[in-house]
Asks: 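One structure is given below, represented as structure tokens, and several questions about it will come after.
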Amino acid sequence: MLGLLSSGSVGVRAYGRSLGLSRVVGMNRRWVQTDAPVVPEPVTWNRFFVLRKQRRLWERLAALPCALLGLGVGGAIFASLPVHPQQTFMGMDPLLLFGGSTLFCGVLGFVIGPSVGRVFYRLGSPQRALALDLKEAEFFRHVKANRSDPMFSSASNPLPDFYGEKINSLAAYRKWLRKQREHERKGT
């Protein structure tokens, strides 16, 4: 049913729209199937904190395999390079330099791992990830509206959790709110 259309075939266009094919794209004049906009189901605050914890778990679990992969790739690359014991590279022993570079590859894999975990989490359940993103934007609007002014900070009155990263439940959110109010009260 999805095929080439001539530019002057009005009847075919009307037929395509009745099938749910609503857009002509590109120079070929192809019909493209477009679904209704995806509206995720609303997420409660308790469910939001559970989903957020699951996403962080995915991110942390992906860090270890990525670190091992980076370590393995770095080790394979630097082990295949020729080493001359009498020559130095930038004043350093080549074995020390290659060993440090291999460890750097492992650390780089560990740093990239959470991003990879987030991608896999999004691929695993795109609806849930979209709902989590919408609720997280709302959560950060709440955090931004209720956090204390950093102008009140000092060495004796440090700013508590500016971005709300440690909030993992409604009770923790209420505690965070109390700390923000206390910070403002001490600063004024």
Side-chain angles (χ1 to χ4, degrees), residues 32-81 95-155 157-184 187:
V32 177
Q33 179 75 34
T34 58
D35 297 328
V38 178
V39 179
E41 63 185 43
V43 177
T44 64
W45 286 108
N46 289 327
R47 182 74 177 141
F48 163 71
F49 289 118
V50 168
L51 291 175
R52 194 173 178 202
K53 189 181 287 187
Q54 285 177 354
R55 186 184 67 200
R56 284 184 180 166
L57 179 67
W58 276 73
E59 291 170 357
R60 288 179 182 151
L61 289 178
L64 185 63
C66 288
L68 293 176
L69 181 68
L71 196 62
V73 168
I77 290 171
F78 292 113
S80 66
L81 295 176
L95 288 177
L96 183 65
L97 183 69
F98 291 169
S101 300
T102 301
L103 288 177
F104 177 76
C105 289
V107 169
L108 186 64
F110 185 76
V111 169
I112 292 173
S115 298
V116 172
R118 186 173 283 221
V119 167
F120 283 132
Y121 181 79
R122 293 184 77 74
L123 290 175
S125 179
Q127 291 289 330
R128 186 173 45 191
L130 181 61
L132 180 63
D133 288 344
L134 292 174
K135 197 65 162 185
E136 195 163 38
E138 183 181 348
F139 173 71
F140 285 127
R141 279 194 302 271
H142 283 280
V143 166
K144 185 178 179 183
N146 292 311
R147 66 181 165 212
S148 178
D149 190 3
M151 186 177 70
F152 298 132
S153 295
S154 66
N157 187 22
L159 185 64
D161 196 13
F162 188 73
Y163 295 106
E165 296 166 337
K166 297 176 185 172
I167 300 172
N168 57 9
S169 67
L170 285 175
Y173 178 69
R174 289 185 198 104
K175 186 176 180 181
W176 179 84
L177 282 173
R178 284 192 298 272
K179 285 183 179 180
Q180 297 298 316
R181 298 303 153 245
E182 181 181 335
H183 179 263
E184 273 191 22

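What's counted below: heavy atoms across the whole structure, side chains too, no hydrogens, waters or symmetry copies.
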Asks: Can I get a per-line list of side-chain donor-acceptor pairs under 3.5 Å for residues 157-165, giving both atom names and the distance, sequence neighbours left out?
Replies:
{"unit_1": "N157", "atom_1": "ND2", "unit_2": "F152", "atom_2": "O", "d": "3.3"}
{"unit_1": "N157", "atom_1": "ND2", "unit_2": "H183", "atom_2": "O", "d": "3.3"}
{"unit_1": "D161", "atom_1": "OD1", "unit_2": "G164", "atom_2": "N", "d": "3.4"}
{"unit_1": "D161", "atom_1": "OD1", "unit_2": "E165", "atom_2": "N", "d": "3.1"}
{"unit_1": "D161", "atom_1": "OD2", "unit_2": "E165", "atom_2": "N", "d": "3.3"}
{"unit_1": "D161", "atom_1": "OD2", "unit_2": "K166", "atom_2": "N", "d": "3.1"}

Asks: List for me each residue that meets salt bridge (charged side-chain N to carboxylate O under 4.0 Å, His left out) alongside R122, sequence neighbours excluded, and say none if there are none.
Replies: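 Expected list: D133.
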
Asks: Could you label the plane-to-plane angle of the W176 and Y173 rings as parallel, tilted or perpendicular, counting under 30° as parallel and over 60° as perpendicular?
Replies: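 Ring orientation, 0 to 90° scale: parallel.
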
Asks: Quick one, F139 and R52 - any side-chain contact, counting heavy atoms below 4.5 Å?
Replies: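 Result yes, sub-4.5 Å side-chain heavy-atom pair found.
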
Asks: Which is it for I167 and K175 under the side chain to side chain contact (heavy atoms under 4.5 Å, CB included) test, yes or no, and what are the steps along the way?
Replies: CA-CA 9 Å; I167 300 172; K175 186 176 180 181; over 6 Å; no

Asks: When the side chains of residues 60-70 are checked against the rest of the protein, which donor-acceptor pairs come out under 3.5 Å, sequence neighbours left out?
Replies:
none

Asks: Does a side-chain heavy-atom distance below 4.5 Å link L57 with K53?
Replies: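 Side chain of L57 against side chain of K53, heavy atoms only: no contact under 4.5 Å found.
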
Asks: Would you say that F140 contacts E136 through its side chain, given a criterion of any heavy-atom pair below 4.5 Å between the two side chains?
Replies: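 Heavy-atom side-chain distance check passes, below 4.5 Å.
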
Asks: Got a list of side-chain donor-acceptor pairs under 3.5 Å for residues 100-119, not counting sequence neighbours?
Replies:
{"unit_1": "S101", "atom_1": "OG", "unit_2": "L97", "atom_2": "O", "d": "2.9"}
{"unit_1": "T102", "atom_1": "OG1", "unit_2": "F98", "atom_2": "O", "d": "2.8"}
{"unit_1": "R118", "atom_1": "NE", "unit_2": "E59", "atom_2": "OE2", "d": "2.8"}
{"unit_1": "R118", "atom_1": "NH2", "unit_2": "E59", "atom_2": "OE2", "d": "3.0"}

Asks: Measure the CG-CZ distance between L177 and R174 for me, rounded to the nearest 0.5 Å.
Replies: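 Going from CG on L177 over to CZ on R174, the span is 9.0 Å.
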
Asks: If you measure from CG on D149 to CZ on R147, what distance do you get to the nearest 0.5 Å?
Replies: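 With rounding to 0.5 Å, CG (D149) is 10.0 Å from CZ (R147).
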
Asks: Output all residues satisfying side chain to side chain contact (heavy atoms under 4.5 Å, CB included) with Q54, sequence neighbours left out; order by chain, then residue number.
Replies: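 Residues passing side chain to side chain contact (heavy atoms under 4.5 Å, CB included) with Q54: V50, L51, Y121, R128.
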
Asks: State which residues pass side-chain hydrogen bond (donor to acceptor under 3.5 Å, both in side chains) with S80; sequence neighbours excluded, sorted by chain then number.
Replies: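 With neighbours one apart ignored, the set is empty.
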
Asks: Do L132 and V43 make a side-chain contact, defined as non-hydrogen atoms from C-beta onward lying under 4.5 Å apart?
Replies: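 In short, these two side chains do not touch, never coming nearer than 4.5 Å.
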
